[in-house]
Amino acid sequence: MPELPEVETVVRSLQSRINGYTIDRIKIRDEKLLRDLKPDHLKRRAEGKRITDIRRRGKYILLEVGGEKLVVIHLRMTGKLLVLPSDETTEYQRISFQFQEGEKLVLDNMRRFGTLDLLESEAEEPLASLGLEPFREEYRWAKFRELFETRQPLKLLLLDQKKLAGLGNIYANEVLFRAGLNPLLPGQETNTAEREQLFELIPEVLTEAIENNGTTIDTFKDSAGEPGSFQNFLRVYNREGEPCEECGTEIVKEQQSGRSTYYCPDCQNVEGGTFEE
DNA sequence: AAGCGGTCCTGTGTGC
DNA sequence: TGCACACAGGACCGCT
């Protein structure tokens, strides 16, 4: 479910709703999401503390607690963070934070892939090894162009969080369509112009998606339970067999490393870097 | 050493 | 209708 735009949407909705709230009690229904973290440890370090900031790094949500500790949440495929009245709950509530102010934050996750960690800083794993962050100062052409020095196919390269933080399957497909590049093309076979195209397009597509509050294919909701609308602007993802909006050719779906890749065989040919009329 | 495939979960949609 | 199987926004782990 959530890629950078969806996570950003959740973070923004949390900022306006729970920033400054004080955590009264943490309830853990499913310890699996905590992995090695002991429930008591989490409670001891976070209960009674204020949420002093809410940020995003890649697809991770960072709750700053008491001005220092970070509760780091990853939603994986089906996770949601919902702000609900204290007396409400959801079918897949795994962990909840009850606030003194009278609402609660629910980590809801149907498939139990999500995670919650407690860190001292962003310098710790798993945040430490994340790659370039598209809207940060560090996102520079000099670094970006180097990411392509690999035999990895373009789409897998874009999905690699150690290279670039935030893209998932939907946006990797969409960015490659807009760039007119074949998802199967090895990174090292792209030229400078093509890399430049991607450098520009990635923040552009992500910005559009954020402006639309993300993409809701099935389950994605922000913290108020509102879906996004960028699914209405997808050009290839989830559109197998439909005509390409540029040329009318049927969109193709193909497995790449076990994940679905969608592309227009005509607009995204191996040599082609740009659309032709 | 990079890069691929399997695995973790649970629900939904499809085809027989 | 019922059952089996494929597939789903992600990322870690282990093998080659």
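The figures that follow rest on heavy atoms only: side chains count, while hydrogens, waters and symmetry mates do not. Below, read A as the first sequence line, B as the second, and so on, with proteins coming before strands; counting in each chain starts at 1. These numbers come from a predicted model, not from an experiment.
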*What is the distance, rounded to the nearest whole Å, between atom CE of A:M110 and atom P of C:dG9?*
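Taking CE of A:M110 and P of C:dG9, I get 12 Å after rounding.
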
*For A:L75 and C:dA8, give me the distance from atom CG to atom P, rounded to whole Å.*
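Taking CG of A:L75 and P of C:dA8, I get 20 Å after rounding.
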
Could you work out the separation of [N] and [M] based on their [atom1] atoms and round it to a whole Å?
N	M	atom1	answer
C:dC5	B:dT7	P	16 Å
C:dC7	B:dG5	P	14 Å
B:dG6	C:dA6	C1'	16 Å
B:dG11	C:dC12	P	24 Å

Which nucleotide in the list [options] gets nearest to the side chain of [X]?
X	options	answer
A:F113	B:dC4, B:dC8, C:dG9	B:dC8
A:R112	B:dC9, C:dG9, B:dG5	B:dC9
A:R76	C:dG9, B:dC4, C:dA11	C:dA11
A:S260	B:dG3, C:dA8, C:dA11	C:dA8
A:K32	B:dC9, C:dG9, C:dA11	B:dC9
A:K59	C:dG9, B:dT10, C:dG10	C:dG10

_Between the base of C:dA8 and the side chain of A:R111, is there a donor and acceptor pair under 3.5 angstrom?_
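Per atom types, the contact qualifies.
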
*State, without any angle test, whether A:R29 and A:T89 hold a side-chain donor-acceptor pair at a distance under 3.5 Å.*
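Looking only at side-chain atoms, A:T89 and A:R29 do form a donor-acceptor pair, the distance falling under 3.5 Å.
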
*Please check if the distance between the ring centroids of A:Y139 and A:F144 is under 6.0 Å.*
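They qualify: ring centres under 6.0 Å apart.
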
_Any strand: nucleotide that pairs with C:dC12 via Watson-Crick or wobble, under 3.5 Å_ =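 Its partner is B:dG6 (Watson-Crick or G-U wobble, both distances under 3.5 Å).
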
_Identified side-chain hydrogen bond (donor to acceptor under 3.5 Å, both in side chains) counterpart of A:T78 within the set A:D108, A:N109, A:T219, A:D218_ =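 Only one of A:D108, A:N109, A:T219, A:D218 forms a side-chain hydrogen bond (donor to acceptor under 3.5 Å, both in side chains) with A:T78, namely A:N109.
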
*Would you indicate what A:R151 reaches in the nucleic acid, counting non-hydrogen atoms under 4.0 angstrom: base, sugar-phosphate, or nothing?*
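Sugar-phosphate, backbone atoms only, no base.
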
*I would like to know whether A:I170 and A:F230 meet side-chain contact (heavy atoms from CB on, under 4.5 Å); could you show each step before the answer?*
CA-CA 11 Å; A:I170 295 176; A:F230 196 68; 5.8 Å; no

